[in-house]
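Taking it in order: structure first as structure tokens, then the write-up.
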Amino acid sequence: MFASFSAPSVCGRGAARLAAVTLASGLAVGTAAATAGPAAAGTAPAHAQGGATATIGGLKTYGAAVVHSAEGDLEISAGLFELSVEGGGMLQTYCVDIHNPTQKDAKYHETSWSGTSLGANQDAGRIRWILQHSYPQVNDLASLAKKAGVRGGLSEQDAAAGTQVAIWRYSDGVDVDAVDPEAEKLADYLEKNARDAAEPKASLTLDPPAISGHPGGLLGPVTVRTDADSVTVVPPADTLTRGVRVVGADGEEVTTARDGSRLYFQVPADTADGSAELTVQASTTVPVGRAFASETRSQTQILAGSSESTVTATASATWAETGAIPALSAAENCAEGGVDITAVNEGDAAFTFELMGAEHTVAAGETRTVTIPLQEDQAYDFTITGPGGYEERFTGVLDCRTRAGEAAEGGESTQILTQPSPATVGSTTADVNLAATGSSGTTAAIAGVAIGLVVIGGAALVLVRKRKS
């Protein structure tokens, strides 16, 4: 779906230079730069703050629906998708972006509404009410049919189709009806009776996801947030080598925790500058109404049902004797139309970075959040590197609006496709990070490919417009 690469980093003592260039649909869309401190970290989508990670299969229980528009009527499939959870478990979801295709085998992460189109949707709570009061949460179809006034009864296909149609009316604001009369009657009942409901809490997160400080004490706390009865705490992989442990406030090593537990990294005083990561894992049912966003531009899903599933969350700690000691995390912010980069500096020197042409400084002991503005559907790839092997990379695609909403604001009409489609060619291609590989003849090759993509993309756009006219 997109290709991206990072320009070489230029680093100085106590500071790091970030530069990232991302291509979306063959078009260069942004650059960024920053400065930082020591240690090493990893890569993650900004919306992946913990919880379940799953791969979408396809529509499993569905019926037919008709979308009415100025261009005419179009019949589509409407119903429940099934996703397989990493580590075990199955999820059932409905989609909340009718015009956007679902990519086959796309990977999804549990996320908050604020990182999706649901965050700006005043009717998101009504969608959750529908999920709580219809199929599959209500699997007594005779009772559901009676409440909806459906005399002929409801099949599973009718119930799934009617529920999806009711959701689309609130998630996308489209004129859509179920083909089957029983399914349509259920959709009307759900739409009419829907009430506002609160956003569900995450199945599992760690707050904050990144901390920093000086060795010789406890770094933290990191608080566990979960609906599971208990979670397993997995300490850093090289604990025995460096002596870094995960402990409670009393200094005792922790192997299990629960909602509200506070975890700390215990770093010995003589430990070299570096970083570590802890993981917590649990088996639980994911709360109905949780959003699931993809790593690509596959349509956003909302949870309708969950088996006992594996959920995980991670948190990192960075430490150093002197200088700036940054801890970086990111979250997509649809209200502001961008990605929030939060920098915590527990060092004794300022941490200065540049993003999107603006320079920002986080003083010693301060925390600052910078919102990086992005266009809708824009792919992003921000890599922050620094001395001592520090590296933090955030990737993803900003997906804050449904395509129906974009069209209502003057955008072009879009194809309606609810069946999974093949993943876009190149959507899973590994990014080339020049900060890691170094500048070489590869740079020219990448630039040539980028120019070629721009030309091809422009030519395709012209052909599409000619065909439409």
Side-chain angles (χ1 to χ4, degrees), residues 36-53 86-87 109-112 115 201-215 217-228 230-239 242-268 271 273-282 284 310-320 325-332 339-347 367 369 384 389-396:
T43 304
H47 52 67
Q49 298 294 322
T53 298
E86 288 186 6
H109 297 278
E110 181 184 342
T111 189
S112 63
K201 295 181 179 179
S203 62
L204 177 61
T205 60
L206 290 174
D207 180 31
I211 57 175
S212 63
H214 297 280
L218 300 182
L219 304 185
V222 174
T223 304
V224 178
R225 306 292 187 195
T226 183
D227 66 345
S230 66
V231 301
T232 300
V233 179
V234 182
D238 54 355
T239 295
R242 295 187 296 172
V244 179
R245 300 189 307 152
V246 177
V247 300
D250 58 1
E252 294 297 320
E253 192 163 357
V254 175
T255 57
T256 61
R258 60 182 61 203
D259 183 48
S261 294
R262 294 187 174 188
L263 309 178
Y264 297 81
F265 289 83
Q266 187 179 65
V267 183
T271 306
D273 295 359
S275 68
E277 186 176 83
L278 71 86
T279 300
V280 293
Q281 187 176 85
T284 186
T310 299
V311 293
T312 60
T314 59
S316 63
T318 303
W319 60 87
I325 315 175
L328 301 170
S329 59
E332 290 175 3
V339 175
D340 287 342
I341 302 292
T342 299
V344 179
N345 180 15
E346 294 293 346
T367 299
T369 298
I384 299 174
Y390 182 93
E391 180 175 298
E392 195 74 64
R393 183 181 177 193
F394 304 105
T395 64

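Values reported hereafter were calculated over all heavy atoms of this structure, with side chains retained and with hydrogens, waters and symmetry mates removed.
Between G87 and T310 the shortest heavy-atom distance is O-OG1, 2.9 Å. Closest non-hydrogen pair, A202 versus T205, comes out as CB-CG2, 3.5 Å. Nearest approach of V222 to A315, heavy atoms of both residues: CG1-CB, 3.9 Å. Pairing each heavy atom of L278 with each of L206, the nearest pair is CD1-CD1, 3.7 Å. Here the closest heavy-atom approach between residue V244 and residue A276 is recorded as CG1-CB, 4.3 Å. Across A228 and A282, no two heavy atoms sit closer than the pair CB-CB, 3.8 Å.
With 3.5 Å as the limit, one finds a donor-acceptor pair spanning the side chains of T342 and T369.
Looking at D259, its side chain never comes within 3.5 Å of a backbone N or O of D227 through a donor-acceptor pair. Not one N or O on the side chain of H214 forms a donor-acceptor pair closer than 3.5 Å with the backbone of G347. A side-chain donor-acceptor contact under 3.5 Å links T226 to the backbone of S203. In this structure a side-chain-to-backbone donor-acceptor pair under 3.5 Å is present from N345 to I325. Judged purely by atom type and a 3.5 angstrom limit, E346 has no side-chain atom pairing as donor or acceptor with the backbone of G213.
Among residues two or more places apart in sequence or in another chain, the side chain to side chain contact (heavy atoms under 4.5 Å, CB included) test is passed with P208 by I211. For R262, the side chain to side chain contact (heavy atoms under 4.5 Å, CB included) partners are P221, T223, Y264, not counting sequence neighbours. Residues that satisfy the side chain to side chain contact (heavy atoms under 4.5 Å, CB included) test with S230, not counting sequence neighbours, are absent from this structure. Scanning for side chain to side chain donor-acceptor pair (under 3.5 Å) contacts around Q266 gives R245, with sequence neighbours left out. Annotation: side chain to side chain donor-acceptor pair (under 3.5 Å) contacts of S261 (sequence neighbours excluded): none. Residues passing the side chain to side chain contact (heavy atoms under 4.5 Å, CB included) test with T53 are E86, K107, H109, sequence neighbours excluded. In terms of the side chain to side chain donor-acceptor pair (under 3.5 Å) criterion, S212 has no residue partners (sequence neighbours excluded).
Between V231 and V224 the shortest side-chain heavy-atom distance falls below 4.5 Å. Between V234 and T312, the closest side-chain pair of non-hydrogen atoms is not below 4.5 Å.
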> Please walk me through it: do V339 and F394 pass side chain to side chain contact (heavy atoms under 4.5 Å, CB included)?
Replying inline: CA-CA 10 Å; V339 175; F394 304 105; 5.7 Å; no
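The structure places CZ of F265 at 7.0 Å from OG of S316, a figure rounded to the nearest 0.5 Å.
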